[in-house]
Amino acid sequence: MAPEIRLDKWADLYAKRTAVLKSSAIRDLFIVASRPDIISFAGGMPDTRSLPMEIIAEATRTVLLREGAAALQYGSSEGHLGLRECIVKLMAEDNIHADVDDIIVTDGGQQALDFIGKVLIDPEDYVIVEGPSYVGAVQAFSSYQAKMLTVPLDEKGLQIEPLIATLESLKKRKQKAKFLYLVPSFHNPAGVTLSLKRREAVLDIARKHNLLVVEDNPYGQLRFAGNKLPTLRSMDDSIIYMSTFSKIFSPGMRLGWINAPKPIIEKLNFAKQAANLCSSSFTQRIVEEYFNNYPWRKYLEKQTKLYKERRDAMLQSLEKFFPQGATWTKPEGGLFLWATLPEFINTSEMLAESINEAKVAYISGEAFFADGSGKNCMRLNFSYPSAEQICEGIKRLGKLIKSQIKLYETFTSKLHLNND
Ligand SMILES: Cc1ncc(COP(=O)(O)O)c(C=O)c1O
């Protein structure tokens, strides 16, 4: 039977910007990766199974009994005042001294990214991102038709010389980037952290080039090794700072925030009104209650301890089962590490076999580059699978990679023989 061809009869109606919209590789894999027979390193999920459910139930009950009518009502667009006060306290731990009026609550970090794109990007504007970069940010900025300029990372985070070269090249062409977007601590997907020297250098360069910086810091509180580093926002109050409760508490609450200079917050507030009026009055109050009246640090420490054990299990398994020639980052916090395989391995092509045969899911490196590089790389999540699953999954993945190498060697040696 001939395959069914589905024509989209609404094709002429779509806005031009939808032409650049595409699905995220991470979202595409979500259902497959959730299958019980699959060991998944593909997600970006905090381990919500280890959260104190009784405590959260109690906090929810308290909110409903104490202020049920308001909790079940619309709220202000900038966000519930009590939660913004709580965010101010949270950021003060990172030496960020913000005013409640300089904060807007969003539906998670993802909505923050969308709003930043909405208020700053015109079609064809340049945005500088890291290579690799958080795929959701690239997706959000692309939906406003930004052109992405990629500056590479290494183990110390964003590389400074290529950043300068990118800015100089724009300047020569009498062009400018709208902003630089970066995840300085426990990067998604690379797992690396921007060194102090480079933090200072990025800010110096930004000042020199009058470049707006967006610091995305969802993982900063998830350090399990090494020394704390200052946030960029604590070093310079002209930058846009954003974070989320998703990784330090629960992504199900769908709450994040932006802290920015007042005029920018005002524009972001208009974006919020147009998008969804306000974030959930209910979950904002539950989060406020949990962070104000319960020992959330204790629960977070328990979680990060778990992540450290799992990271250690992953590092040990990689050492044991991955082939020579493969390298990987060694994160001091967060949820991910980044593995680089021999050049000739294409992790996107290998993924189907990995899922169907090895029953292991990961995200191919290509998904995190706006320019199509990263084909021989993969992002591996260690926060969700257990240490046993990690050992078994990396063992199976290592076996698959070794078989790919063997295939390549057999093929190339045959080619040599034929050429001799
Ligand atoms: C760097 C980064 N920014 C933003 C987000 C989105 O966070 P949220 O789940 O709060 O929308 C994520 C989620 O993984 C992320 O890794």
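Indexing begins at 1, ligand by ligand and atom by atom, following the structure's order. Note: hydrogens, waters and symmetry copies are ignored here, and every other heavy atom, side chains too, is used.
Ser40 contributes a side-chain N or O that, together with a main-chain N or O of Ala42, makes up a donor-acceptor pair within less than 3.5 Å.
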Enumerate donor-acceptor pairs with a distance under 3.5 Å from any side-chain N or O in residues 317-329 to protein atoms, sequence neighbours excluded.
residue : atom : partner : partner atom : Å
Ser317  : OG   : Ala313  : O            : 2.6
Thr329  : OG1  : Ala190  : O            : 2.8
Thr329  : OG1  : Trp338  : N            : 3.1

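With a 6.0 Å radius and a threshold of 12 heavy atoms from other residues, nucleotides or ligands, Lys399 has its NZ atom at or below the threshold.
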Exercise answer, ligand 1 polar atom pairs (N/O) under 3.5 angstrom:
residue  : atom   : partner : partner atom : Å
ligand 1 : 3 (N)  : Asp216  : OD2          : 2.6
ligand 1 : 9 (O)  : Ser246  : OG           : 3.1
ligand 1 : 9 (O)  : Arg254  : NH1          : 3.2
ligand 1 : 10 (O) : Gly109  : N            : 2.7
ligand 1 : 10 (O) : Thr244  : OG1          : 2.6
ligand 1 : 10 (O) : Ser246  : OG           : 2.7
ligand 1 : 11 (O) : Gly109  : N            : 3.1
ligand 1 : 11 (O) : Gln110  : N            : 2.9
ligand 1 : 11 (O) : Arg254  : NH2          : 2.8
ligand 1 : 14 (O) : Tyr219  : OH           : 3.3
ligand 1 : 14 (O) : Lys247  : NZ           : 3.0
ligand 1 : 16 (O) : Asn188  : ND2          : 2.7
ligand 1 : 16 (O) : Tyr219  : OH           : 2.5

Derivation and outcome, salt bridge (Lys or Arg N to Asp or Glu O under 4.0 Å), residues Arg285 and Glu289: CA-CA 6 Å; Arg285 280 173 173 79; Glu289 178 68 17; over 6 Å; no
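The residues Asp107 and Arg254 are annotated as not salt-bridged, no charged nitrogen and carboxylate oxygen being separated by less than 4.0 angstrom.
Geometrically, Arg49 engages Tyr384 in a cation-pi contact defined by less than 6.0 Å to the ring centre and at most 45° from the axis.
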